[in-house]
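Accompanying notes for the structure given below.
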Amino acid sequence: MRSYLFDILFSFTFFSMLGWVMETCYRSLRERRFVNPGLLKGPYLILYGAAALILAAAVSIIHEYNIFVKILCYFVITTGFELLSGFNARHFFNIRLWDYSDQRFQLHGHICLKFSIYWILLAFAFEYLLLPAYLGLTSGLSPFLKGIFGVVGVMLMAVDFFVVIREKQPSLNKESKRRSAHGTEKEFMNIAAPLLKNPMVAGLSQYPHHRGKSRLDHVKEVAALSFYWGRRFALDCRAIVRGALLHDLFFYDWLHEGPRLHGFRHHRIALENAKQVTRLSAKEADIIEKHMWPLTLIPPRYPESLVVCLADTFCSVKDYVRNRG
Ligand SMILES: [Fe+2]
Ligand SMILES: [Fe+2]
């Protein structure tokens, strides 16, 4: 089961990156300058990764069907994906990733007949050339390697996605920005203040965590960023802030003391300590317990847990990159 999941994550990352290479070459050659396609900043296009997974599943089901069924299936999958992505990018981020308005037989500039035919041809190339080559080349790779590559790739894409969302937030005028920031800060403090007053939580200021930062600074930063993302996605912000503030509630300098394999164990220690501080909801307990995923193997159960897990990774990487050397 685990190796199956690793296979999926690996394939998704691999084809996202391959799609990026293809699309970058095509657009850069056409425009005679470097063009980074897609919404995200990194070298991947999740549209290609997701489409490849669905196409691979479709191939396994319809490989013995006649060509007309295949054409129909490939049309629905590829053009459907293109329409959905184009519409979402326009609707949620107010950007156009491509524009077919100047083409014949097009729909709102998101899809057009010419490119739908290209996608169908590409889907056949995927079935008869790319997929067999990919399976042949990767069958010898160990599940562990696939797992690391896949999980790191997906987490990078997720962090990239949140960063982009943050940048694309609609610009407000100064006054409404100030008012909105004040309201947000007040809501955050209403949730956080009772925990921050707790002596156990306040005691985290005595422990160094990442370079030049105390553990209290770290949990506050993770809580603030998770809260921001939680609001964007209309999640349970109370659980997010409380879980994030308690996610690293352990009392030792992990670089010099504490249990062996700290990275694999401290989430449990934090959870036990957190239960002494306050009564935890199931969601809050899951946030603390899964914040080191994928090291904890069992994935987060709630989107709130995933948000804190990603915010924790983002803040930790940022601390090390900023203070390296
Ligand atoms: Fe942690
Ligand atoms: Fe942390």
Side-chain angles (χ1 to χ4, degrees), residues 148 151-152 154-156 158-163 166 188 191-192 195-196 198-230 235-278 280-324:
I148 294 282
V151 167
V152 170
V154 170
M155 289 194 78
L156 273 176
V159 170
D160 196 333
F161 180 70
F162 282 118
V163 171
R166 188 171 189 165
F188 176 82
I191 304 169
L195 281 182
L196 291 173
N198 182 283
M200 279 176 83
V201 178
L204 292 178
S205 63
Q206 304 303 311
Y207 296 90
H209 197 62
H210 296 149
R211 295 176 182 180
K213 193 170 265 181
S214 78
R215 193 160 305 143
L216 183 63
D217 290 336
H218 168 68
V219 296
K220 278 160 75 176
E221 189 181 31
V222 173
L225 183 59
S226 307
F227 173 71
Y228 176 83
W229 287 346
L235 298 176
D236 180 350
C237 287
R238 180 179 160 79
I240 281 181
V241 172
R242 284 167 53 83
L245 285 175
L246 299 170
H247 83 276
D248 275 335
L249 194 67
F250 55 90
F251 304 98
Y252 53 84
D253 177 356
W254 65 273
L255 277 169
H256 303 106
E257 57 192 5
R260 290 182 64 208
L261 299 173
H262 156 86
F264 292 87
R265 297 172 69 182
H266 74 274
H267 57 281
R268 292 242 163 82
I269 299 170
L271 181 61
E272 288 314 310
N273 288 335
K275 285 178 184 168
Q276 293 175 39
V277 170
T278 180
L280 298 170
S281 68
K283 211 177 270 178
E284 290 160 1
D286 193 66
I287 288 171
I288 300 167
E289 208 178 358
K290 308 285 175 56
H291 83 268
M292 289 303 287
W293 186 78
L295 292 186
T296 51
L297 290 181
I298 300 171
R301 195 171 164 196
Y302 304 96
E304 287 82 357
S305 311
L306 186 63
V307 162
V308 174
C309 174
L310 290 170
D312 187 34
T313 308
F314 180 78
C315 292
S316 305
V317 170
K318 185 180 63 105
D319 287 346
Y320 277 93
V321 171
R322 266 200 195 152
N323 301 312
R324 70 173 176 248

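Start at 1 and go down the list; that is how both ligands and their atoms are numbered.
Among the backbone and side-chain atoms of His266, an N, O or S atom lies under 2.8 Å from the Fe ion (ligand 1). In summary, no N, O or S atom of His291 is located under 2.8 Å from the Fe ion (ligand 2). Among the atoms of Cys315, none of the N, O or S atoms falls under 2.8 Å from the Fe ion (ligand 2).
Taking each heavy atom of Met155 and Trp293 in turn, the nearest pair found is CE-O, 4.0 Å.
In Asp248, the N, O or S atom that comes nearest to the Fe ion (ligand 1) is OD1.
Rounded to the nearest 10 degrees, the angle NE2 (His218) to the Fe ion (ligand 2) to OD1 (Asp312) equals 80°.
Put simply, the side chain of Glu304 gets close to the backbone of Asp236: a donor and an acceptor are under 3.5 Å apart.
Screening Ile288, Ile240, Ile287 for a side chain to side chain contact (heavy atoms under 4.5 Å, CB included) involving Ser305 leaves a single residue, Ile287.
When side chains are defined from C-beta on, Ile191 does not count as touching Leu245, because their heavy atoms never get closer than 4.5 Å. Residues Asp248 and Val222 are not in side-chain contact: their nearest non-hydrogen atoms beyond the backbone lie 4.5 Å or more apart.
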